[in-house]
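Note that these values count all heavy atoms, side chains included, but never hydrogens, waters or copies made by symmetry. Residues take their numbers from the sequence shown, with the count starting at 1.
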Amino acid sequence: QIDKASGCPKEGPISRTVILIDQTDTFSPVQAIDIQNQFEAYKQGVPRYGELVVYTIRPGSTGTPTPVIRACNPGNEDDVNQLVESSDKIARQWKNSFDTPMKAVMKDVLQPMSSEKSPIIETIQAVVVSEFGPISMDNRAKALVVVSDLLQYSDALSHYGRKYDADRFVQSQAFKKLSSDLRDVDVDLLYLFRDTQKALQNNAHRDFWIRLVQEQGGSVRKIYLVSG
């Protein structure tokens, strides 16, 4: 049975892909286009009755984040059982409840913003606990896509100024407080380069994030360098 409000099976989606977009800095026009292209690929990859959820890291945000949008893929014409379903009806559902709302949200979240703080690790923890923690997600496909320059800046850790060290951080109280369970979660990092931060965005920086994910039981499926 399908829940009419969410479009998901009442027992929960068969998979969940969460896309977390860092809005604490601006996107160049080329970056915005590439992010939209990548988002479209993830959207097209969501199986029928799989769920796509979008969160943002917003300037000045505090507390537990709320999703910008969540929706299950109702299926498309290729999924239709012609004996019991109407391909036209499924196509309308896909467009009206999944495709069009997702495209509208992407235009909104890519609007220019900036912030001094960038609590990336904190937001990842909140999102992972909320979206992958429920027992209903056990044995379901789970993916986390982080769109960010990955330059953490919060009271717990800063990638600016004082040199940071992955070994020291994963042994710290701050890491214990901010870690989450990433077992069975595929993590993709869509890495945004900043012209002003070339000295910080190096191999060691990317290795820091790979280590951070691994220490929480997850695996980095890919690091994609966003064009622009």
Side-chain angles (χ1 to χ4, degrees), residues 6-9 12-25 27-58 65-79 90-91 93-111 120 123-124 126-134 137 139-150 180 182-193 206 209-210 213 216 218-228:
S6 67
C8 298
I14 66 169
S15 68
R16 179 170 287 156
T17 299
V18 177
I19 298 183
L20 176 60
I21 299 174
D22 185 355
Q23 284 188 291
T24 61
D25 210 332
F27 306 100
S28 73
V30 173
Q31 286 176 335
I33 292 171
D34 197 12
I35 292 169
Q36 288 179 313
N37 290 342
Q38 299 307 311
F39 178 80
E40 182 66 19
Y42 283 108
K43 179 168 64 67
Q44 294 288 348
V46 174
R48 189 178 197 185
Y49 303 137
E51 189 176 41
L52 182 60
V53 189
V54 178
Y55 281 84
T56 61
I57 307 172
R58 297 180 65 87
T66 56
V68 179
I69 189 172
R70 66 166 67 245
C72 266
N73 176 9
N76 56 37
E77 294 171 322
D78 295 333
D79 302 312
I90 294 298
Q93 288 178 338
W94 185 85
K95 180 180 180 180
N96 295 334
S97 67
F98 190 65
D99 183 52
T100 299
M102 288 291 175
K103 286 180 176 177
V105 160
M106 283 306 295
K107 289 182 179 179
D108 180 58
V109 300
L110 294 178
Q111 294 303 308
I120 303 168
T123 308
I124 288 174
V127 168
V128 167
V129 171
S130 297
E131 298 296 338
F132 303 139
M137 288 307 298
N139 302 315
R140 311 275 174 122
K142 298 178 280 288
L144 173 66
V145 182
V146 182
V147 184
S148 174
D149 59 16
L150 298 178
S180 53
L182 288 174
R183 288 175 296 177
D184 301 320
V185 178
D186 290 322
V187 179
D188 292 351
L189 303 176
L190 273 55
Y191 196 67
L192 296 163
F193 276 117
R206 292 189 285 277
W209 281 96
I210 293 172
V213 170
Q216 296 173 83
S219 61
V220 174
R221 183 169 55 182
K222 72 174 182 180
I223 297 178
Y224 175 81
L225 305 181
V226 177
S227 298

Do the non-hydrogen side-chain atoms of [X] and [Y] ever get within less than 4.5 Å of each other?
X    : Y    : result
Y224 : D34  : yes
D22  : T123 : no
Q38  : V226 : no
Q36  : K103 : no
T24  : I120 : no
V46  : F98  : yes

Walk me through it: do Y55 and V18 pass the test side-chain contact (heavy atoms from CB on, under 4.5 Å)?
-> CA-CA 7 Å; Y55 281 84; V18 177; 3.8 Å; yes
[atom1]/[X] to [atom2]/[Y] distance, rounded to the nearest 0.5 angstrom?
X    : Y    : atom1 : atom2 : value
L150 : F193 : CG    : CZ    : 10.0 Å
R58  : T66  : CZ    : OG1   : 9.0 Å
Y42  : M102 : OH    : CE    : 14.5 Å
R140 : F132 : CZ    : CZ    : 13.5 Å
D186 : S15  : CG    : OG    : 11.0 Å
I33  : L110 : CD1   : CG    : 10.5 Å

Among I21, V145, I19, which residue meets the side-chain contact (heavy atoms from CB on, under 4.5 Å) test with L190?
-> V145
What are the two closest heavy atoms between [X] and [Y], and how far apart are they?
X    : Y    : value
F27  : V109 : CE1-O, 3.9 Å
V129 : S180 : CG2-CB, 4.4 Å
S97  : A71  : O-CB, 3.7 Å
V220 : I210 : CG2-CA, 3.9 Å

Please check if the side chain of [X] supplies one atom and the backbone of [Y] the other of a donor-acceptor pair under 3.5 Å.
X   : Y    : value
Q93 : G75  : no
R48 : P74  : yes
R16 : M137 : no

Run the numbers on N73 and L52 for side-chain contact (heavy atoms from CB on, under 4.5 Å), then give the verdict.
-> CA-CA 8 Å; N73 176 9; L52 182 60; over 6 Å; no
Tell me, please, which residues at least two apart from Q111 pass side chain to side chain donor-acceptor pair (under 3.5 Å).
-> none
Mind running side-chain contact (heavy atoms from CB on, under 4.5 Å) on V127 and V53 for me, showing each step along the way?
-> CA-CA 10 Å; V127 168; V53 189; over 6 Å; no
Verify side-chain contact (heavy atoms from CB on, under 4.5 Å) between V54 and F39, making sure each step is shown before the conclusion.
-> CA-CA 10 Å; V54 178; F39 178 80; 3.8 Å; yes
Please say whether more than 12 non-hydrogen atoms of neighbouring residues, nucleotides or ligands are located less than 6.0 Å from NZ in K107.
-> no
Pair Q44-E40, side-chain donor/acceptor within less than 3.5 Å = yes
In plain terms, say whether K142 and D184 are close enough for a salt bridge, that is, a side-chain N and a carboxylate O under 4.0 Å apart.
-> no
